S.K.: 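Structure provided below as structure tokens; questions to follow.
Please read all numbers here as calculations on a predicted model, not as lab measurements. Each chain gets a letter, A, B and so on, in the order its sequence line appears, and its residues count up from 1.
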Amino acid sequence: MRIVTWNINSVRARLHQVARFNEEHSPDVICLQETKAQDSDFPLKDIKEMGFDHVEILGQKSYNGVAILSKHKLTDVGSHEWVGKSDCRHLFATLPNGTILHNFYVPAGGDEPNPDVNDKFAHKLDFLDEMAKWFPDLYSNDQPMILMGDLNIAPLENDVWNHKQLLKIVSHTPIEVEKLTAIIDNFGWIDAMRQIISSDEKLYTWWSYRARDWLTSNKGRRLDHMWVTPPLKDKVSDIKVVLDARGWEKPSDHAPVILDLSD
DNA sequence: ATGGTTGGTTACCAA
């Protein structure tokens, strides 16, 4: 089973890249974030022609939006309105083997890492606090479950190109890292990417559009994540960040992340 | 210290 998370930064602008990725990597499921299309504008027909017979979408005009593209039947589909907002940041569904998928787009949080003056940062912190309570309230971690998506936080020193220079940059501030770690610890999630690729190595999934040459400067951050519950721990056979896709023509600023699970 | 780019929507907002 091959499961992918990808912040695509507009599904309509990147439709040909979904097709290319599908041909080159044969995923079973792709969880998309930042689709930036209301449901009536979602290119459902094109996606289905790629072989994704089961598609769940939750979109809004211009901003945010998540989708699950699947070649297997999806059941028990739903979402939660985080911090009381209906801003299309979460979708969940269950695969035929019983594995529950959660697809998240956590708020980016703006530029100023001070919740007193920046409402977007306050919203991000509230969202994270709610996530830390929500999973233990509703689930047990002895069921197979995967949480993936753009969490907009790079928690470890080697998740950013320069730890010290980014301590006051939103996505790597101590308060965000502390809250993300609390979500993991409260429920017992396993960081599948770091189980496969050692925390001693730099690992990024996002590179700014503003860099003159993203690959040469390589000032990346690991903003996208794949977490699994303990029953799936030993079934994670591989993780890959598909760097190629960041270098395709008119790319998203995020690379897709592939999770391979053995049966 | 500052500005750099992109997508969606149409004079900026969010990332």
S.K.: Only pairs at least two apart or in different chains count here, so list each ring pair (Phe, Tyr, Trp, His ring centres under 6.0 Å) that has a residue in residues 148-188 of chain A.
M.R.: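 Residue pairs with at least one partner in residues 148-188 of chain A: Phe135(A)-Phe187(A), His163(A)-His172(A), Phe187(A)-Trp189(A).
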S.K.: Run the salt bridge (charged side-chain N to carboxylate O under 4.0 Å, His left out) test against Arg221(A) and tell me which residues pass, sequence neighbours left out.
M.R.: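 Arg221(A): no salt bridge (charged side-chain N to carboxylate O under 4.0 Å, His left out) contacts found.
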S.K.: Do the side chains of Met148(A) and Val257(A) get nearer than 4.5 Å, heavy atoms only?
M.R.: no
S.K.: List the residues meeting salt bridge (charged side-chain N to carboxylate O under 4.0 Å, His left out) with Glu49(A), not counting sequence neighbours, and say none if there are none.
M.R.: Lys45(A)
S.K.: If we take the C1' atom in both dA15(B) and dG4(B), what is their distance in whole Å?
M.R.: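 Comparing C1' positions in dA15(B) and dG4(B) gives a spacing of 13 Å.
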S.K.: Side-chain heavy atoms under 4.5 Å apart, restricted to Ile/Leu/Val/Met/Phe/Trp/Tyr: what other residues fall into the cluster of Val117(A), or is it alone?
M.R.: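 Direct or chained contacts put Val117(A) with none.
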S.K.: Taking protein heavy atoms under 4.0 Å as touching, what does nucleotides 10-15 of chain B look like 5' to 3' if B marks base contact, S marks sugar-phosphate-only contact and - marks none?
M.R.: ----SB
S.K.: Can you check the Asn9(A) CG to dT9(B) C1' distance for me, whole Å?
M.R.: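 To the nearest whole Å, that distance equals 14 Å.
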S.K.: For Ser252(A), enumerate each residue passing the side-chain hydrogen bond (donor to acceptor under 3.5 Å, both in side chains) test, keeping only those at least two apart in sequence or located in another chain.
M.R.: none
S.K.: If you write DNA chain B from 5' to 3' in dot-bracket form, with Watson-Crick or G-U pairs under 3.5 Å, [ ] for crossing pairs and | for pairs with another strand, what do you get?
M.R.: ....((((...))))
S.K.: Other hydrophobic cluster members with Val4(A), side-chain heavy atoms of Ile/Leu/Val/Met/Phe/Trp/Tyr under 4.5 Å, chained?
M.R.: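 Its cluster partners, ordered by chain and number, are Trp6(A), Ile8(A), Val11(A), Leu15(A), Val18(A), Phe21(A), Ile30(A), Leu32(A), Phe42(A), Leu44(A), Ile47(A), Met50(A), Phe52(A), Val55(A), Ile57(A), Leu69(A), Val242(A), Trp248(A), Ile258(A).
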S.K.: Roughly, in whole Å, what's the span from CD in Gln60(A) to P in dG7(B)?
M.R.: 19 Å
S.K.: Looking only at atom C1', what distance separates dT9(B) and dG3(B), rounded to whole Å?
M.R.: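 My reading of the C1' atoms in dT9(B) and dG3(B) gives 23 Å.
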S.K.: Taking only residues at least two apart or on different chains, which pairs with a member in residues 108-124 of chain A satisfy side chain to side chain donor-acceptor pair (under 3.5 Å)?
M.R.: Lys124(A)-Glu176(A)
S.K.: For DNA chain B, which residues of residues 211-224 of chain A approach it to below 4.0 angstrom with any heavy atom?
M.R.: none
S.K.: Would you call Arg20(A)-Asp244(A) a salt bridge at under 4.0 Å N-O?
M.R.: no
S.K.: Tell me who clusters with Leu223(A), hydrophobic residues only, linked when side chains sit under 4.5 Å apart either directly or through other members.
M.R.: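 The other cluster members (ILVMFWY side chains, heavy atoms under 4.5 Å, direct or chained) are Trp206(A).
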S.K.: Taking atom P in both dT5(B) and dA1(B), what distance in whole Å separates the two?
M.R.: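 Going atom to atom, P in each nucleotide, I get 22 Å.
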S.K.: If we take the P atom in both dT6(B) and dT2(B), what is their distance in whole Å?
M.R.: 23 Å
S.K.: Could you list who else is in Leu167(A)'s hydrophobic cluster, with ILVMFWY side chains joined at under 4.5 Å, directly or through other members?
M.R.: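 Leu167(A) shares its hydrophobic cluster with no other residue.
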